[in-house]
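Have a look at the structure below before the remarks.
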Amino acid sequence: MKKTLLSLALALLCLGANAQTKEELVFCDKDGNIYPDGAVITATEKTEDPYGGGEDYYDSGIFVGYIGEDIACNAGLALDIQHMDNGVLSQCFPNDCVIYNTPGQIVRTGTEVVYAGTYTNLRSEWVPGPGTTGYCTVVYTLRIHDNMKFYVGDGPTITVHFCNGAFPASIASAKQTNADARMYTVTGQPATAKTRGLVIANGKKAVIR
């Protein structure tokens, strides 16, 4: 009986952790402006290879924020590389860098600590093949881990279209600008990882506690 009650208590604890942190890990930009769950953005600004090797790249520009009441949270990441015309995707969050050269679904191993009041770079870049054009589409999902680093559930998702050249019609008709995809306060200002209270996300009201 005691063992059953202990198991039930642990299960409820996990469910509580999931409910508590579901809305506390967020995707944001470098200034902390929050992207709501399900946002779609585009990355069209090319960064030249700083080493002169011709490996120019497109940075997602995405950061991870934590808006909970604790000091920090353990965050993991899953990727769905839906399309990649050429080149490779470099993913360095959480912790280490891995290169992917084909579409597919990936669950990254490990977690990275995201501290309240700071914004952690997602460190995700598409490096197209030299002299090529095309695009790469990736859906990122934050994974929530408890203090013991056990996975307890999924957080928000965001879709990034990296584009080197003209957008296909299917993307051009649906894409949003980074500003369009953000979350806003009721006064029209971008909601940041430090915002509390009523906000507007995807045309709907939400509350950041």
Side-chain angles (χ1 to χ4, degrees), residues 22 25-30 33-51 53-65 73-112 114 119-145 149 151-178 180-182 202:
K22 170 68 177 175
L25 276 174
V26 296
F27 287 113
C28 59
D29 64 16
K30 63 182 178 62
N33 299 316
I34 298 173
Y35 296 111
D37 186 14
V40 179
I41 69 169
T42 61
T44 59
E45 185 175 344
K46 180 171 66 177
T47 301
E48 294 186 359
D49 184 351
Y51 303 105
E55 293 187 343
D56 299 337
Y57 62 91
Y58 292 79
D59 192 328
S60 70
I62 302 299
F63 286 68
V64 180
C73 180
N74 293 307
L77 184 72
L79 301 92
D80 182 3
I81 305 174
Q82 297 185 337
H83 182 94
M84 183 157 37
D85 279 327
N86 53 68
V88 299
L89 183 79
S90 173
Q91 181 60 54
C92 297
F93 177 98
N95 297 322
D96 59 343
C97 294
V98 179
I99 301 296
Y100 304 103
N101 58 13
T102 57
Q105 296 180 339
I106 303 108
V107 175
R108 298 273 291 170
T109 59
T111 64
E112 186 162 333
V114 179
Y119 319 125
T120 302
N121 197 330
L122 189 63
R123 305 190 299 280
S124 192
E125 302 166 353
W126 177 48
V127 185
T132 63
T133 59
Y135 74 98
C136 173
T137 296
V138 185
V139 179
Y140 302 89
T141 302
L142 288 174
R143 289 166 56 85
I144 304 161
H145 294 255
K149 298 188 178 180
Y151 166 74
V152 296
D154 287 345
T157 67
I158 192 168
T159 300
V160 180
H161 297 302
F162 301 89
C163 186
N164 176 28
F167 276 102
S170 60
I171 292 180
S173 63
K175 71 181 179 124
Q176 295 174 289
T177 67
N178 289 11
D180 292 337
R182 288 182 185 139
N202 292 324

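Just so it is clear, the model here is predicted, and its values are computed rather than measured. Sequence positions, counted from 1, serve as the residue numbers for this chain.
Nearest heavy-atom pair, Asp59 versus Ala43, reported as atom, atom and distance to 0.1 Å: O-CB, 3.6 Å. Heavy atoms only, all atoms of each residue included: Leu79 and Tyr140 are closest at CD2-CE2, 3.8 Å. The minimum heavy-atom distance between Cys136 and Ile81, with the atom names listed, is SG-CG2, 4.5 Å. When all heavy atoms of Ala75 and Val114 are compared, the closest pair comes out as CB-CG2, 3.9 Å. Nearest heavy-atom pair, Pro94 versus Gly76, reported as atom, atom and distance to 0.1 Å: CG-CA, 4.5 Å. Considering every non-hydrogen atom in both Cys28 and Val64, the closest pair reads SG-C, 4.2 Å.
Side chain of Thr42 to backbone of Thr44: no donor-acceptor contact under 3.5 angstrom is found. At least one donor-acceptor pair closer than 3.5 Å links the side chain of Gln91 to the backbone N or O of Leu122. Side-chain atoms of Arg123 come within 3.5 Å of backbone N or O of Cys92 as a donor-acceptor pair. When atom types are taken as modelled, the side chain of Asp49 and the backbone of Asp56 share no donor-acceptor pair closer than 3.5 angstrom. Asn95 places a side-chain N or O within 3.5 Å of a backbone atom of Thr111 that can act as its donor or acceptor partner.
One distance of note links CZ of Phe27 with OG1 of Thr141; it measures 6.5 Å at 0.5 Å rounding. In this structure, CD on Glu112 lies 10.0 Å from NZ on Lys149, to the nearest 0.5 angstrom. Taking OH of Tyr151 as the reference point, atom CD1 of Ile144 lies at 8.0 Å (rounded to 0.5 Å).
Every residue two or more places apart in sequence or in another chain that forms a side-chain contact (heavy atoms from CB on, under 4.5 Å) with Gln105 is listed here: Asp80. By the side-chain hydrogen bond (donor to acceptor under 3.5 Å, both in side chains) test, Tyr135 pairs with no residue at all, sequence neighbours left out.
Residues Lys46 and Tyr58 are in side-chain contact: their nearest non-hydrogen atoms beyond the backbone lie under 4.5 Å apart. Residues Phe162 and Leu89 form a side-chain contact, since some pair of their non-hydrogen atoms from C-beta on lies under 4.5 Å apart. A heavy-atom distance below 4.5 Å is found between the side chains of Arg143 and Asp154. You'll find the side chain of Leu142 reaches within 4.5 Å of the side chain of Leu77, heavy atoms only. Within the 4.5 Å cutoff, side-chain heavy atoms of Thr157 are placed close to those of Asp37. Under the 4.5 Å side-chain criterion, counting only non-hydrogen atoms from C-beta, Cys73 is in contact with Leu25. The shortest side-chain heavy-atom distance between Ile41 and Tyr35 falls under the 4.5 Å cut-off. Contact check for Ile99 versus Ser90: side-chain heavy atoms found under the 4.5 Å cut-off.
Side chain to side chain, Asn86 and Thr132 meet the donor-acceptor criterion of an N or O pair below 3.5 Å.
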Report task. Could you go through the side chain to side chain contact (heavy atoms under 4.5 Å, CB included) check for His145 and Val152 one step at a time? Result -> CA-CA 5 Å; His145 294 255; Val152 296; 5.9 Å; no

Query - Worked check of side chain to side chain contact (heavy atoms under 4.5 Å, CB included) between Phe93 and Asn121 - result: CA-CA 8 Å; Phe93 177 98; Asn121 197 330; over 6 Å; no

Requested in this report: Under the side chain to side chain contact (heavy atoms under 4.5 Å, CB included) rule, what do Ile106 and Tyr100 come out as? Steps first, then yes or no, please.
Outcome: CA-CA 10 Å; Ile106 303 108; Tyr100 304 103; 3.5 Å; yes

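Legend: salt bridge (Lys or Arg N to Asp or Glu O under 4.0 Å) pairs involving residues 90-108, not counting sequence neighbours, sorted by first then second residue: Asp96-Arg108.
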